[in-house]
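Accompanying notes for the structure given below.
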Protein chains: 2
Amino acid sequence: MARPATEELRRRNRSALLDQLHRRGPQTRAELTEALGLNRSTIGALATDLSESGHIQETTGRSTGAAGRPSTLVECVPEAETVAAVEVRADRVRLALVGLGGTLLARAEVPLEPGADGPEAAELAARLLADTPAAETVAAVPGLVDAGVVAQSTELGWVDRDFRTDLERATGRSWRVADLATAAAVGERSRGDAHRSPNLLYLHGGRGVTAGMIADGRPRRGSSIMLGHVVVNPGGQKCRCGLHGCLEAEMGTFEQSATIEATTTAAWMGDTAAREVVHRSGGLLGRALGSVVTAATPDEVLFGGWLRELYLSSAAAVRSSLAEATLPQLRARLRLRTPALGSEGPLIGAAETGFEALIGEMR
Amino acid sequence: MARPATEELRRRNRSALLDQLHRRGPQTRAELTEALGLNRSTIGALATDLSESGHIQETTGRSTGAAGRPSTLVECVPEAETVAAVEVRADRVRLALVGLGGTLLARAEVPLEPGADGPEAAELAARLLADTPAAETVAAVPGLVDAGVVAQSTELGWVDRDFRTDLERATGRSWRVADLATAAAVGERSRGDAHRSPNLLYLHGGRGVTAGMIADGRPRRGSSIMLGHVVVNPGGQKCRCGLHGCLEAEMGTFEQSATIEATTTAAWMGDTAAREVVHRSGGLLGRALGSVVTAATPDEVLFGGWLRELYLSSAAAVRSSLAEATLPQLRARLRLRTPALGSEGPLIGAAETGFEALIGEMR
DNA sequence: CGATGTTTGTTGTTGTCCGCAACATATGAC
DNA sequence: GTCATATGTTGCGGACAACAACAAACATCG
């Protein structure tokens with residue numbers, strides 16, 4: 001340890017203060033004192049530090065109506081630190097530039113031609129990024145991601161693609177690569193309404209079906225859950241992944257329907273065939289989910305992407321087939337819901353992942 | 001924070017030092033200085049502290065053959081802190097008293113009558129514990145455990161049993177209740193030869209089949225994996241849990257065979273019927289494992305309990321059915337092995353869980 | 001066998017940090 | 001306008017880890 005350990009302590013506290021502000025939003029010094037368990041004077045010193053470094057801004061004297069001297073309000077300066085999040089999907093690449101405190105500073109989107117490979121996608125990301133001054137850059141990719149390598153992505157058709165290297169070559173800067181579903185789970189937990197669940201499973205329906213898990217309050221690093229390739233019908237339909245009876249293969253009829261919305265809408269309107277397709281797909285989803293719930297024991301399951309539409313149209317089928325595949329004790333505490341952030345979840349979560357690293361590196 | 005933060009720092013370092021010694025065994029002061037990244041003088045001060053409190057012992061002057069003054073060897077004093085680990089199984093209750101550094105100080109075992117309930121098992125644990133001076137007491141129970149409550153245990157036949165309360169009533173002291181398979185995973189990682197796997201899945205075959213997971217280097221708190229109740233054959237055999245086609249139900253023929261050893265031995269000897277049973281069971285196990293591997297993405301899988309025998313007799317069947325149920329990218333990095341600690345894993349791991357808490361509380 | 005070099009433990013000093021208490025400041029209540 | 005209350009500010013003290021200088025213990029070499 002090159003630095004004296006006592007300075008390390010200061011850095012930790014400074015980072016904890018910034019983290020608190022970033023995650024919980026503007027707070028008074030009194031609230032910060034309570035939250036961090038430090039002394040008033042210590043909070044004061046830390047605030048002075050962060051104010052001088054431009055990370056926070058203090059607005060004095062907002063009267064609350066209670067007795068006593070009003071406490072100073074402290075808030076993040078969004079521009080002080082920014083993270084660029086990039087979402088790579090089958091048909092588009094999106095970018096969000098997010099400032100400290102979670103403020104959205106800019107967005108951009110370009111179409112991606114189907115079947116694009118890693119370098120092509122990275123090139124688009126580089127174009128979107130241009131010269132935005134982001135301290136961290138994070139990419140969210142649907143599929144099995146491990147240490148920057150996209151081991152398998154049904155949606156993008158990539159196998160063992162070292163996408164981090166592609167990005168770093170295209171942009172000349174350092175990247176983090178996260179699984180889209182895990183990123184979305186992080187987003188829902190940090191900026192959505194899933195604060196309370198320490199064990200959160202986010203299901204993502206895109207061109208493939210994946211899932212991301214937050215276990216014991218922290219995202220599973222390394223790799224995501226290939227929900228689409230859970231075998232729901234041993235010896236069934238041959239899947240493009242090579243296995244037989246995968247969820248994706250068995251749901252094929254649903255996925256191939258003109259559009260998901262059209263099918264679910266038709267089902268709502270009473271179209272018997274559509275209703276049948278939706279019901280069957282919901283049942284298959286429930287079965288696959290059953291295996292994952294048994295293995296990962298979440299408290300809460302969010303249906304993202306087009307799984308949201310499917311779930312809303314076939315909740316009963318999902319629940320009943322889930323009931324046939326998981327123990328009642330596991331189901332008892334399970335909440336099935338739809339995400340609060342909609343299609344913004346992955347970008348928001350990816351940015352949050354960047355901020356976590358950024359603030360963590362300060363200490 | 002009642003304590004001054006600077007004393008907190010000292011406590012952290014003291015705890016880190018003790019943790020290092022507990023986990024890595026006796027080390028010289030020079031090695032500790034390197035490992036903890038602190039100054040020689042700081043290590044000296046910490047060692048003095050811990051020596052005076054009786055936690056460590058220093059043996060001076062062991063010559064290593066290298067130049068320079070030989071470094072003082074530091075080692076834990078086993079009796080300084082002890083943890084009692086209790087393993088509750090269908091037919092017995094076992095206890096191990098483990099000292100700091102992992103030294104086994106005492107063992108005991110009593111038979112448990114089949115069908116015993118929580119209070120009865122707790123009473124036996126209390127008798128075994130007697131007046132052993134353990135700072136922490138941890139129970140390992142096969143099944144789905146959450147916050148001291150055994151939500152479901154096929155082996156013990158318990159459902160939503162508040163076993164922690166049973167134990168605390170019987171012994172008048174505080175208990176931790178861990179899932180047996182998770183405890184075993186912890187044991188294999190800390191005292192076995194699975195140091196390198198940050199994502200470890202331990203499969204336990206007892207009267208039921210469960211699994212425990214270490215994800216990103218830390219045990220999944222809360223609950224374990226009910227591997228025996230993964231549905232491997234939708235609409236198949238009715239299981240005692242109420243579901244249909246669970247692994248346990250489908251493997252029934254194997255489990256009910258006079259003894260597992262007899263069947264696997266017969267299979268080795270060439271008994272065609274036995275070979276058939278073993279092969280089929282291995283295939284079912286592989287299929288269930290496939291779902292869990294997809295959802296939990298381990299690097300390493302250990303076959304514990306009688307699954308060890310099954311795996312050793314049917315590795316090909318397990319691997320081939322696993323290959324039909326998981327993506328090649330997931331299988332590529334997967335190592336299938338048998339545990340190094342044998343049937344001691346759960347007790348050792350439970351004790352280790354206690355020590356983790358004990359050392360963690362010091363800071 | 002003694003001189004030298006090397007590694008490690010020990011001791012006194014220094015810089016930093018946090019908590020505490022006293023004081024200053026800003027508000028509401030009467 | 002005065003008092004009570006809550007909060008920011010300042011100076012002081014206690015604690016800690018790093019640092020440097022010194023002492024101790026060993027190997028090597030002539």
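Values below: all heavy atoms of this structure, side chains included; hydrogens, waters and symmetry mates excluded. In what follows, chains carry the letters A, B, and so on, assigned in the order in which the sequence lines appear, proteins first and then strands, with residues in each chain numbered from 1.
Distance, B:Leu9 CG to C:dG19 C1': 15 Å, rounded to whole Å. In this structure, A:Glu31 places its CD atom 15 Å from C1' of D:dG8, rounding to the nearest Å. Distance CG (B:Leu73) to P (C:dG9): 11 Å, rounded to an integer number of Å. In this entry the distance linking CZ of A:Arg12 with P of D:dA17 reads 14 Å, nearest Å. With rounding to whole Å, A:Leu17 atom CG is found 11 Å from C:dC18 atom P. Between the CD1 atom of B:Ile43 and the P atom of D:dC19 there is a distance of 14 Å, rounded to whole Å. Computed from coordinates, the A:Glu34 CD to D:dT7 C1' distance equals 14 Å when rounded to whole Å. One atom, CG of A:Leu32, and another, C1' of D:dG8, lie 13 Å apart when rounded to the nearest Å.
When the side chain to side chain donor-acceptor pair (under 3.5 Å) test is applied to A:Glu136, the partners found at least two apart in sequence or on another chain are A:Arg176. Taking A:Asp19 as the reference, A:Arg23, A:Ile359 meet the side chain to side chain contact (heavy atoms under 4.5 Å, CB included) condition, with sequence neighbours excluded. Checked against side chain to side chain contact (heavy atoms under 4.5 Å, CB included), A:Thr171 has the following partners two or more places apart in sequence or in another chain: A:Ala126, A:Leu129, A:Arg173, A:Trp175. Residues satisfying the side chain to side chain donor-acceptor pair (under 3.5 Å) test with B:Arg164, not counting sequence neighbours, are none. Partners of A:Glu300 by side chain to side chain contact (heavy atoms under 4.5 Å, CB included), not counting sequence neighbours, listed by chain and number: A:Ala194, A:Ser197, A:Leu200, A:Leu302, A:Arg335, A:Arg337. With sequence neighbours excluded, the residues that form a side chain to side chain donor-acceptor pair (under 3.5 Å) with A:Thr165 are A:Asp162. Applying the side chain to side chain donor-acceptor pair (under 3.5 Å) criterion to A:Glu34, with sequence neighbours excluded, gives no partner residue.
Side-chain nitrogen and oxygen atoms of B:Asn13 include at least one within less than 4.0 Å of the OP1 or OP2 phosphate oxygen of D:dA17. In this model, the phosphate group of D:dC16 is not approached by any side-chain N or O of B:Thr42 to a distance below 4.0 Å at OP1 or OP2.
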Which atom pairs link the protein and nucleotides 2-6 of chain D when you take only N or O atoms and keep those under 3.5 Å?
{"residue": "D:dT5", "atom": "O2", "partner": "A:Gly68", "partner atom": "N", "Å": "3.2"}
{"residue": "D:dA6", "atom": "N3", "partner": "A:Arg69", "partner atom": "N", "Å": "3.0"}

Distances under 3.5 Å between nitrogen or oxygen atoms of protein and nucleotides 11-16 of chain C:
{"residue": "C:dT16", "atom": "O2", "partner": "A:Thr6", "partner atom": "OG1", "Å": "3.3"}

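Here A:Arg107 pairs with A:Glu344 in a salt bridge; the nearest charged N to carboxylate O distance falls below 4.0 Å.
Rounded to 10 degrees, the angle between the two end axes of the helix from C:dC1-D:dG30 to C:dC30-D:dG1 is 0°, with five pairs used at each end.
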Determine all donor-acceptor pairs shorter than 3.5 Å in which one atom belongs to a side chain in residues 38-46 of chain B; sequence neighbours excluded.
{"residue": "B:Asn39", "atom": "OD1", "partner": "B:Ser41", "partner atom": "N", "Å": "2.9"}
{"residue": "B:Asn39", "atom": "OD1", "partner": "B:Ser41", "partner atom": "OG", "Å": "2.9"}

N/O donor to acceptor pairs below 3.5 angstrom from side-chain atoms of residues 75-82 of chain A, sequence neighbours left out:
{"residue": "A:Glu81", "atom": "OE2", "partner": "A:His55", "partner atom": "NE2", "Å": "2.9"}
{"residue": "A:Thr82", "atom": "OG1", "partner": "A:Pro133", "partner atom": "O", "Å": "2.8"}

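No hydrogens or angles were tested; on distance alone, a donor-acceptor pair under 3.5 Å links the side chain of B:Arg40 to the base of C:dG9.
Nearest nucleotide to the side chain of A:Arg29, out of C:dC18, C:dG9, D:dG8: D:dG8.
The shortest distance between side-chain heavy atoms of B:Arg191 and B:Glu352 falls below 4.5 Å.
In this structure, the side chain of A:Glu31 engages the main chain of A:Thr28 through a donor-acceptor pair within 3.5 Å.
No contact: A:Ala45 has no heavy atom under 4.0 Å from any strand.
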